[in-house]
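Report on one structure; see the data block that follows.
The shown structure was predicted, so the numbers you read here are calculated from the model rather than taken from an experiment. All chains are named by letter (A, B, ...) in the order of the sequence lines, taking the proteins before the strands, and each is independently numbered beginning at 1.
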Number of protein chains: 2
Amino acid sequence: MPKVTLYDIARICGVNASTVSRALRNDARLKTETIERIQSVAEKKGYRPNLAARYLKRGKAEIIWFIVPTLGASVDWKSAEFATQHAHDKGYDLAITVHHGDQKVFDRAAERMMQGLSAGAIINRRDIRDLSALDPLRKRNFPIIFIDVPPERSYGEGLVVTTDNEAAGRELVRRCIDAGARQFMLLFRRGVNAVERERFTGAARELRERGVTWVNGITKGDGLDWEALDERVALLGSSQEAVLTFAIPHADALRRKHCTIGCFDDWLGEARPAERVIVAEQDYETIADTAVDRLANLIDQTDGSDHPLARIPVSDYLTRKSYF
Amino acid sequence: MPKVTLYDIARICGVNASTVSRALRNDARLKTETIERIQSVAEKKGYRPNLAARYLKRGKAEIIWFIVPTLGASVDWKSAEFATQHAHDKGYDLAITVHHGDQKVFDRAAERMMQGLSAGAIINRRDIRDLSALDPLRKRNFPIIFIDVPPERSYGEGLVVTTDNEAAGRELVRRCIDAGARQFMLLFRRGVNAVERERFTGAARELRERGVTWVNGITKGDGLDWEALDERVALLGSSQEAVLTFAIPHADALRRKHCTIGCFDDWLGEARPAERVIVAEQDYETIADTAVDRLANLIDQTDGSDHPLARIPVSDYLTRKSYF
DNA sequence: CTGTTAGCGCTTTCAG
DNA sequence: CTGAAAGCGCTAACAG
């Protein structure tokens, strides 16, 4: 089947292409009858607008790109799914793209944003060190919202939507204490990003204020010293003890312990890792909706005013509101 | 910063726009010196090609769309991540989009495929009953590959890339028996799609051939009768028994049993659901790569020959080769 | 080796 | 209420 264009429809209807263009948008200036006639012909002929042509003409696109490091972490896939819905409601399509923490892939995605097919982007820059690929985007005032992990540079504060991570750290401590924990080990890679740092700060403060004792995980550069950690973790054993940690991919060290584990967003370890796992989940829906709203404002220039940094309160724990 | 076009670069370099176009493609016909000069100016001025214009002119796009029901199931997110890499290697960008099992959202995505921004699509139609939105795509010979769940209609066999699900069903039975199971309950929603059906068939045949006894889960229409099931599951209790099942979102019925659970792709239940969980994972990487390869062939028309249905062998179990 | 030219399909002002 | 016309930015055939 050959492609059908506006001109084909115009010819068949005996009108001008611009009339067809208007009819398909339900332009109020046209006679209802004309609109109906044209629309039914377009329907019958299987006409589809060519978005490349539309974007070219208009000089702007209607796709929001959602750029995340992976889809295996709930913070990424759940916020992506919520953002999809919310973007649709606002008349945008949403395309998800994965950078895998790989600088080259990230830079490639950033490039694509400037090539006329993107109205704006929502970016989780976790695991990406170098954001210089975004400089040209900023120069062009390309609409970007950062979620979860902030950019760590002088981007506008209002361009960041993130959880109140310090509150989340405090809250997770409280939950573990409610579950019986009286002694803590904190495992955070504080050098890695702002989120980790803030969670640590919150947890540590809460513990100090409550006079609960804790030890630090053994770090090595930005990360953890896994070997030394194995040894120390091996000493744990009672449900009186809790380990507070980020989502650990290789959580072998924590397997089959009788302690309580508190972690953020989701537990990626073994199915039966410990006596009790307490998960503090971010409020993905609010994060996603807020990000899309703010991005839409940037795109429409609706709103030049400076927004404050969006600090989304930590949600109820263990909620699952997504597809599953 | 205003946008920079080919013409701007052409003017600055004192050449014609088409020369610039060629230079940026490293067209062998141009003098190396000219190419270098033009490229350095383009670089300096921050030139970016406008893909909307390119796609319009060429009449085709270079984005592959990966359409899945959700990102919470490993079959979806892992194959999406592998497909991203492989598509990049083949010179395509890959955009992921989620239909959530929602017919309207799926239809909308199908519409978008025909609007000039998509070179082809890889689709997992799980949870979508009505594929009629794809009819116009077929009429235009739009390149589509189905993965995981086949379309259940007369689409070309070679357009489907899926696991050998019957073999997977057999293999999972073997694993459970190796783990000590001597009695089985099979929980499948056979009416739901071909994958479920084939897994059931494989498991049932393997059990029959081995003379192992099994009972069926209690079904109700296409699904399971959860209440009746709860009661029956409550009777389970020994590690001699195994429950073979699809990935169950709400697996409360199976909590804290001493039986063995065998399931496909990933376990979505509680962190400590049973004495032993055995997961049979599809070979996402091969599925994704095969799908991208075949799609690329369709796009290039490289290959009019009929491919056979791609039946990917079931992979090693419990492998995790992705980002985490 | 490089320039000219004609459009890809759509939108949008301006005319009438 | 509808038509005419210009042009978005790029590419590719053809010309030289």
[X] [atom1] to [N] [atom2]: how many Å, rounded?
| X | N | atom1 | atom2 | result |
| --- | --- | --- | --- | --- |
| Arg58(A) | dT13(C) | CZ | P | 11 Å |
| Arg11(A) | dG9(C) | CZ | C1' | 14 Å |
| Arg48(A) | dC10(C) | CZ | P | 13 Å |
| Tyr7(B) | dG7(D) | OH | C1' | 10 Å |
| Asn16(B) | dC10(D) | CG | C1' | 12 Å |
| Leu56(B) | dC10(D) | CG | P | 12 Å |
| Arg29(A) | dC14(C) | CZ | C1' | 11 Å |
| Ile38(A) | dC1(D) | CD1 | P | 14 Å |

Counting only side-chain heavy atoms from C-beta out, which of [options] sits nearest to [X]?
| X | options | result |
| --- | --- | --- |
| Arg54(B) | dG9(D), dT11(C), dC10(D) | dC10(D) |
| Lys57(A) | dG9(D), dA5(D), dA6(D) | dA6(D) |
| Thr19(A) | dG3(D), dC1(D), dC10(D) | dG3(D) |

Exercise for review: Nearest-nucleotide wise, let me know which of Val15(A) and Leu6(B) is further upstream toward the 5' end of DNA chain D.
Suggested key: Val15(A)
Review point. Roughly how far, to the nearest 0.5 Å, is CD1 of Ile144(A) from CG of Leu131(A)?
Key: 9.0 Å
Review point. Can you tell me how far CG of Asp130(B) sits from CG of Asp107(B), rounded to the nearest 0.5 angstrom?
Key: 6.5 Å
Whether the side chain of [X] and the base of [N] hold a donor-acceptor pair under 3.5 Å is what I'd like checked.
| X | N | answer |
| --- | --- | --- |
| Arg22(B) | dG3(C) | yes |
| Ser21(A) | dT12(C) | no |
| Arg37(A) | dT2(D) | no |

Practice item. Please determine if a side-chain N or O atom of Tyr55(A) lies less than 4.0 Å away from the OP1 or OP2 oxygen of dC8(C). Key: no
Check your understanding: Is there a donor-acceptor pair under 3.5 Å between the side chain of His99(A) and the backbone N or O of Arg125(A)?
Key -> no
Review point. Taking Gln39(A) for the side chain and Ala23(A) for the main chain, is one N or O donor matched with an acceptor at less than 3.5 Å?
Key: yes
Practice item. Report the C-alpha separation of Lys3(A) and Asp8(A) in whole Å, then their side-chain angles, then the decisive distance to 0.1 Å, and conclude whether the salt bridge (Lys or Arg N to Asp or Glu O under 4.0 Å) test is met. Key: CA-CA 9 Å; Lys3(A) 55 186 73 169; Asp8(A) 299 318; over 6 Å; no
Practice item. Determine the contact category for Thr5(B): base if any of its heavy atoms lies under 4.0 Å from a base atom, sugar-phosphate if only primed atoms, P, OP1 or OP2 are that close, otherwise nothing. Key: sugar-phosphate
Review point. Ser18(B) or Asn50(A): which one's nearest nucleotide on DNA chain C is closer to the 5' end?
Key: Ser18(B)
